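Fair warning: this is a prediction, and the values are worked out from it, not measured in the lab. Ligands are counted one by one from 1 in listed order, and the atoms in each one are counted from 1 as well.
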Amino acid sequence: MPFYTRLGEVPHKRHTQFRKADGSLYAEEVMGLEGFHGIQSLLYHHFLPPAVLRSELLGPAKPTYVDFGAIRHRALQTVDMPAGGDAVAARRVLLGNNDVTLGISRPTSSMTYFYRNAQAYEVWFVHEGKGTFRSQFGKMPFEAGDYIVIPYGTTWQLLLHSAECRFFVIESNSQIAPPKRYRNEYGQLLENSPYSERDLRPPQELETIVEQGEFEVRIKVRDSITRHILSHHPFDVVGWDGYLYPWIFNIRDFEPITGRVPQPPPVHQTFEGMNFVVCSFVPRLFDYHPLSIPAPYNHSNVNSDEVIYYCDGNFMSRKGIDRYDITLHPFGLPHGPQPGMTEASIGATKTEELAVMVDTFHPLHLTTDALEIEKTEYQASWLA
Ligand SMILES: [Fe+2]
C-alpha cells in the first residue's frame with residue numbers, strides 16, 4: 001500500500017529481541033514482495049509461522065477456457081448465478097487470461113477455514129451484503145461498494161453479516177495498486193488524484209489469538225490448492241508495521257472527473273495491475289458544453305478488451321443490459337451506443353450509474369460458466 005502503517009506492539013528497533021510477558025521471544029517475520037525489493041511488512045507472532053502439522057494436496061485450481069469463436073461483443077447475465085457456500089468456494093471465474101481472472105461469488109455462509117493466495121493479488125468488490133474481513137493484519141468491516149484489496153500471501157477469512165453477499169472478484173498475477181500517475185515521487189497521492197489517503201482504509205483492529213490446536217489454511221500456489229493444518233491460530237500477531245497489508249477503498253469515495261466535453265476513459269481509473277486497469281463509473285454530472293452529447297462516442301479500444309460489471313443505476317448507453325450483467329467488448333471491432341441512444345441522451349444532466357470496468361491489454365477467454373449465462377442476442381443490439 002502507498003503509506004506506512006503500524007498496528008499493535010512492535011519493538012523500537014527491527015530485528016532485535018522482542019519478548020513476551022513470560023520472557024520468551026516473539027517470532028519475527030518479514031513479509032516482502034519481489035525478493036524484499038518491493039513493499040513489505042514486519043510481523044511479530046506468538047508462535048513459529050512455519051509450524052505445520054500436516055499438508056495435503058486438494059487439487060488443481062486453474063480455470064479452463066473455451067474457444068472464443070468468431071470475434072463479437074458478448075454479454076453475461078450473472079443475476080441468477082448459483083449462490084451458496086463460503087466466499088472462496090462460491091467463486092466462479094467467467095473471464096481470464098495470463099494476467100487476470102474475473103468472476104462472481106455469491107456466498108451464503110462465513111468461511112470456517114482460512115485462505116491464502118500466494119500466487120495472486122485479489123480484489124473483492126462488494127456489490128451487495130456486508131461482513132468482516134479478517135487477516136493476520138487485523139480485521140476490517142466491509143459493506144456494499146467496498147473494494148477489498150488483498151496482497152499475495154495474506155492469510156484471510158471472510159465472515160458474512162448478511163444472509164448473502166455478492167462479489168465481483170478480480171484475481172491478478174501482479175500487484176494491484178493506485179496508478180503511478182496519481183502519486184508523487186514519494187508515493188503520496190496527488191491533489192488531482194480522484195481519491196486521497198483518507199479514503200483508503202487499512203486494518204484498524206488487530207486480532208491476537210493465542211490458541212493452539214488444529215487450524216486449516218487452504219493455500220493457492222502453483223495453480224493448485226494445498227491444505228495445511230497449523231498447530232496454532234494463524235492470527236497470532238501481536239503487532240506489525242510496514243507497507244504490505246490488505247486495505248479497502250469504497251467506490252463511492254471515487255471523485256469523478258468531468259468536463260465541458262466528454263473526458264477520456266482513463267479519468268475513471270482506480271487501480272492498475274500488470275497489463276490491466278480497474279476503473280470506477282460513479283454517479284456524476286454530465287458534460288456542460290451547450291451542445292454536449294452525454295452518451296459516449298463510438299470507440300475502438302484497439303489494444304484492450306473491455307469488461308464492465310453493471311452495479312446500479314440506469315446504463316443509458318447500453319440497451320438490453322441489466323443490473324448484475326457483464327459485457328465484454330473485445331478488441332477487433334468498435335462499440336458505442338446502440339441505435340437512437342445518442343440522440344436520446346441529449347439534455348440529460350447527470351447519471352446515477354455505478355459500474356466497475358476492467359480493461360485488459362491481452363485478449364480475455366471465457367469459461368463454460370460464462371457460456372451458460374450468455375445473452376446471445378447482445379451483438380444484434382446495434383442493428384437498427
Ligand atoms: Fe467502451
Please name the pair of heavy atoms, one in Thr154 and one in Pro246, separated by the smallest distance, quoted to 0.1 Å.
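So the two residues come closest at CG2-CG, 4.3 Å.
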
Is the gap between the ring centers of Trp382 and Tyr378 under 6.0 Å?
yes

Is the Fe ion (ligand 1) under 2.8 Å from any N, O or S atom of His329?
no

Vertex the Fe ion (ligand 1), arms to His335 NE2 and His299 NE2, rounded to 10°
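It is 80°, given to the nearest 10°.
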
Going through the checks in order, is the ring pair (Phe, Tyr, Trp, His ring centres under 6.0 Å) test met by His127 and Tyr324?
CA-CA 9 Å; His127 186 184; Tyr324 310 116; 5.2 Å; yes

Measure from the Fe ion (ligand 1) to every N/O/S atom of Glu306 and report the name of the nearest one.
OE1

For a 4.5 angstrom cut-off between non-hydrogen side-chain atoms, does Leu328 reach Arg72?
no

